[in-house]
Q: 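Dropping a structure here in structure tokens format, bear with me for questions.
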There are 2 protein chains.
Amino acid sequence: MIIDVPADSGYGRENLPYGVFSTPGTTPRVGVRLADRVIDLAAALDDPLFAVPSLNPFLARGKECWDEVRARITELVDGDVPDAAVHPVAEVTMHLPFDVGDYVDFYASEHHASNLGRLFRPDAAPLLPNWKHLPVGYHGRAGTVVPSGTPIVRPSGQRKAPDEAAPSYGPSRRLDIEAELGFVVGTGSRLGERIPVSAFEEHVFGAVLVNDWSARDLQAWEYVPLGPFLGKSFATSISPWVVPLAALRAARVPTPVQDPEPLPYLREGDPWGLDVEFSVRWNGEEVSRPPYREMYWSPAQMLAHLTVNGASCRPGDLFASGTISGPGKEERGAFIELTWGGAEPVRVGGEPRTFLEDGDEVVLTATAPTASGTRLAFGEATGRILPARP
Amino acid sequence: MIIDVPADSGYGRENLPYGVFSTPGTTPRVGVRLADRVIDLAAALDDPLFAVPSLNPFLARGKECWDEVRARITELVDGDVPDAAVHPVAEVTMHLPFDVGDYVDFYASEHHASNLGRLFRPDAAPLLPNWKHLPVGYHGRAGTVVPSGTPIVRPSGQRKAPDEAAPSYGPSRRLDIEAELGFVVGTGSRLGERIPVSAFEEHVFGAVLVNDWSARDLQAWEYVPLGPFLGKSFATSISPWVVPLAALRAARVPTPVQDPEPLPYLREGDPWGLDVEFSVRWNGEEVSRPPYREMYWSPAQMLAHLTVNGASCRPGDLFASGTISGPGKEERGAFIELTWGGAEPVRVGGEPRTFLEDGDEVVLTATAPTASGTRLAFGEATGRILPARP
């Protein structure tokens with residue numbers, strides 16, 4: 001069939017994101033999205049590389065293969081795609097698109113880091129001394145990265161408010177989101193090897209949306225001195241479609257001026273800022289539009305930093321940007337910032353709201369410009385809050 | 001053949017640890033160690049579960065299977081083991097015994113946490129307010145967990161001494177070890193499910209030695225506010241033999257008195273303290289004997305905490321205790337403590353030494369009591385420092 005692509009689809013032939021899908025009664029396998037259709041790649045290209053429930057084998061093949069497959073798909077969708085390989089997106093179930101190796105979360109938005117600094121350390125400089133010298137990051141839990149749509153059970157744990165003498169156990173009372181962009185490693189690296197900023201495109205396959213759900217009360221009590229742990233590890237949602245870097249060429253922009261100049265291993269010849277516009281919808285109402293182009297550190301700098309000590313990477317490693325926040329109030333990618341620690345509620349459904357309540361749904365979406373002047377879509381990272389387990 | 005087991009072997013029939021080995025020209029597969037022999041389990045038990053280069057499929061089978069296989073191996077080694085299934089340990093290569101899912105590192109020694117507190121925050125209370133309420137932990141890099149014997153390339157990165165105005169890039173000048181005990185998850189748990197302290201034995205298969213190599217200068221500059229990252233992520237060595245929990249029954253001891261009493265989800269009916277005695281050898285000289293029985297938090301409490309927020313576990317997840325330090329100076333499991341931040345060198349090879357130099361070798365070993373009054377051995381976690389890459 002000829003797949004019709006409306007101009008405002010977001011999933012035109014300049015996008016062609018990859019995911020893992022199944023139809024009723026079939027096993028999950030790799031597909032590519034065009035408009036409101038999913039193309040079964042194993043069937044359409046007659047290639048067993050895609051007849052598996054994970055992108056990892058394809059990721060491991062490297063950039064030459066990614067480029068070649070993208071060219072073949074482009075040629076395919078310009079013509080008549082075999083009917084048997086085409087499924088309406090409404091009729092498929094999407095799965096986790098890749099097996100996550102290690103998951104690293106950065107903290108690359110100056111606005112976000114400054115806001116959190118002001119909230120948590122009101123008497124000190126908003127940014128810590130290391131922040132402008134390196135992309136601060138930490139490892140998160142890879143095993144709890146879940147696909148969009150997975151319900152998010154409210155986590156329980158230890159919480160201690162400043163005015164309480166001792167911690168108590170119970171459900172989080174300050175459940176939050178973090179709107180982030182995540183990068184999927186394709187070609188790994190060996191132990192002891194570094195990935196320079198200039199080799200970013202050789203190693204990173206594509207990008208997904210990330211909602212790094214955060215229990216702020218658990219996090220505040222636990223995080224010194226070793227960083228966030230249970231406040232983050234209960235779930236991290238990602239969008240089901242991996243947008244290839246090759247689709248993001250027209251979205252590349254310079255990163256903000258970096259002052260002081262970073263050490264040589266972090267300097268970029270060809271900057272990897274990205275003009276990706278996010279939207280955060282809370283129970284259907286847009287409450288924020290975080291602009292990725294404002295991020296201080298680029299993903300190429302993140303990967304160069306991550307590996308400068310010789311740490312190896314594997315296909316399927318995921319590293320995320322950290323919360324995306326712009327300078328404006330309605331550009332903040334976490335509710336703790338948007339509501340200033342809960343002190344300045346926002347109106348959702350006509351009610352003043354601060355942190356997430358049971359039954360709430362958060363939907364992250366994002367778009368980026370294409371060469372033809374349209375915008376491509378990243379797919380959604382969605383999650384609804386279920387009550388804590390007894 | 002009848003395998004002869006000397007009384008002081010450390011690898012008698014009460015131990016029977018599992019590993020992954022290969023002989024020249026063969027593919028890695030699961031073996032069990034008895035005295036100075038490795039028994040090829042796939043061959044000896046005629047079971048394809050063990051004809052794979054990882055313990056993970058066996059781990060995923062669960063405790064009933066682990067107990068049954070241990071009984072079969074015990075019966076086997078009491079008799080005549082087929083010659084073709086037996087290899088001298090000196091003739092095999094050992095590999096990473098399992099595919100590491102998520103790697104979590106705790107901070108469960110009160111002596112270690114207090115020592116580091118005194119070193120890093122000399123004007124404050126040595127323990128932070130949360131320390132006695134929960135086992136502090138964080139996620140490490142699973143992809144750089146390496147088997148004993150893997151050379152450790154000195155990591156490079158950003159370092160800034162307190163008297164320096166700006167960070168510089170270069171090889172770590174404060175390369176250290178952390179002697180730890182690691183626990184290997186067998187039976188996982190689902191998202192949203194908790195593993196109570198009482199279910200520890202149902203979920204954890206066994207234990208390995210862990211050397212969590214640490215670049216203290218990289219760590220000191222990077223670790224606020226999100227915790228250790230590049231200071232730890234370059235390599236973590238583990239011993240090749242996984243000692244099953246079933247072999248550690250006679251090593252169980254009460255944990256130290258916990259005051260304040262932990263919240264109910266952390267209370268143990270049947271404590272999981274372990275009388276495991278470590279030895280740290282630096283270029284062949286024993287410099288420390290960290291006593292695991294001193295650890296404040298038990299591994300059952302660590303796992304209960306790790307999952308109390310509903311985080312799921314997978315077969316092959318590894319969680320380690322954090323540095324084991326006892327009250328005595330020669331019981332400290334990290335050189336930063338042993339040499340008090342470098343101020344009190346120890347003598348190694350007749351020379352005063354503080355942190356690791358290129359060419360240094362560190363060997364961790366450990367033993368635990370058995371019911372018959374002998375001691376079982378954990379195998380070694382060994383690593384030699386190679387110079388930083390240019």
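Just so we're on the same page: letters track the sequence lines, and every chain starts at 1.
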Q: Does any heavy atom of chain B fall under 4.5 Å from the side chain of Leu116(A), the backbone, both, or neither of them?
A: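 For Leu116(A), neither part sits under 4.5 Å from chain B.
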
Q: Residues of residues 125-132 of chain B under 4.5 Å from chain A (heavy atom pairs)?
A: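 So the qualifying residues are Leu128(B), Pro129(B), Asn130(B).
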
Q: Using modelled atom types and a 3.5 Å cut-off, is there a donor and acceptor pairing between side-chain atoms of Arg141(A) and backbone atoms of Ser312(B)?
A: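 Looks like yes, one N/O pair under 3.5 Å.
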
Q: Ignoring hydrogens and geometry, is there a side-chain-to-backbone donor-acceptor pair from Arg389(A) to Gly310(B) under 3.5 Å?
A: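 Answer holds: no.
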
Q: Tell me the side-chain hydrogen bond (donor to acceptor under 3.5 Å, both in side chains) pairs involving residues 217-226 of chain A, sequence neighbours left out?
A: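 Only Gln158(A)-Trp221(A), Ser172(A)-Asp217(A), Arg216(A)-Gln219(A) qualify under side-chain hydrogen bond (donor to acceptor under 3.5 Å, both in side chains).
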
Q: Counting only heavy atoms closer than 4.5 Å, note whether Leu263(A) contacts chain B via side chain, backbone, both or neither.
A: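 Looking at Leu263(A), just its side chain touches chain B.
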
Q: Heavy atoms under 4.5 Å from chain B: which residues of residues 144-152 of chain A carry them?
A: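 Heavy-atom contacts from residues 144-152 of chain A to chain B are Thr144(A), Val146(A), Thr150(A).
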
Q: Which heavy atom in Val136(B) sits nearest to a heavy atom in Pro225(A), and how many Å separate them?
A: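 For Val136(B) and Pro225(A), the tightest heavy-atom pair comes out as CG1-CD, 4.3 Å.
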
Q: Let me know if Tyr265(B) has heavy atoms under 4.5 Å from chain A in its side chain, its backbone, both or neither.
A: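 The side chain, not the backbone.
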
Q: With a 4.5 angstrom heavy-atom cut-off, which part of Arg154(B) approaches chain A: side chain, backbone, both or neither?
A: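 Looking at Arg154(B), nothing touches chain A.
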
Q: I'd like to check the side chain to side chain donor-acceptor pair (under 3.5 Å) partners of Ser214(A); sequence neighbours left out, ordered by chain and number.
A: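 Residues passing side chain to side chain donor-acceptor pair (under 3.5 Å) with Ser214(A): Lys232(A).
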
Q: Taking the side chain from Asn309(B) and the backbone from Ser156(A), do they hold a donor-acceptor pair closer than 3.5 Å?
A: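 Pair absent, no side-chain N/O of Asn309(B) close to backbone of Ser156(A).
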
Q: Any idea which of Ala113(A), Ala388(A), Gly140(A) has the most non-hydrogen atom pairs under 4.5 angstrom with chain B?
A: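 Between Ala113(A), Ala388(A), Gly140(A), the count favours Gly140(A).
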
